[in-house]
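Contents: one structure, followed by commentary.
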Amino acid sequence: EEEEDDDEDEVHVVEAIVACKELRGELHYMVKWAGWGREHDSWEPVSTLSEDVPEQIADYHRRTAKHSGAKRASNIEEYNSRRG
């Protein structure tokens with residue numbers, strides 16, 4: 001029984017943020033998990049990532065800003081402050 005609980009407590013490491021979208025009024029990021037194949041990438045709400053991966057989020061926005069001219073949040077604090 002204890003082994004089942006271990007799976008829930010397992011911490012997965014974010015390798016990279018590969019995409020971003022707004023869903024139900026909240027920013028979500030497509031996460032590439034370290035040590036896992038692309039088929040395990042998943043959309044995660046910013047609220048679950050903000051404390052864990054601010055540098056990966058900032059890197060994603062720096063990379064995409066170079067290609068799109070779109071307005072961006074350079075970090076999570078900036079995004080949250082704009083939300084009010």
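Considering all non-hydrogen atoms of both residues, Cys20 and His61 come closest at SG-CE1, 4.4 Å.
Side-chain atoms of Met30 and Tyr60, non-hydrogen and from C-beta on, never get closer than 4.5 Å to each other.
Connection of Ile17 to Trp36 is established within a shared hydrophobic cluster, with ILVMFWY side chains joined at heavy-atom distances below 4.5 Å, either directly or through further cluster members.
For Glu55, the side chain to side chain donor-acceptor pair (under 3.5 Å) criterion is met by Arg62, not counting sequence neighbours. Every residue two or more places apart in sequence or in another chain that forms a side-chain contact (heavy atoms from CB on, under 4.5 Å) with Arg38 is listed here: Val18, Lys32, Asp41.
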Step-by-step side-chain contact (heavy atoms from CB on, under 4.5 Å) determination, Leu49 to Tyr29 = CA-CA 9 Å; Leu49 298 173; Tyr29 290 98; 4.0 Å; yes
task = Begin from the C-alpha positions of Val14 and Trp33 and carry the test side-chain contact (heavy atoms from CB on, under 4.5 Å) through to its verdict.
result = CA-CA 5 Å; Val14 173; Trp33 300 104; 3.6 Å; yes
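Distance alone, capped at 3.5 Å, is enough to place a donor-acceptor pair between the Glu26 side chain and the Ser47 backbone.
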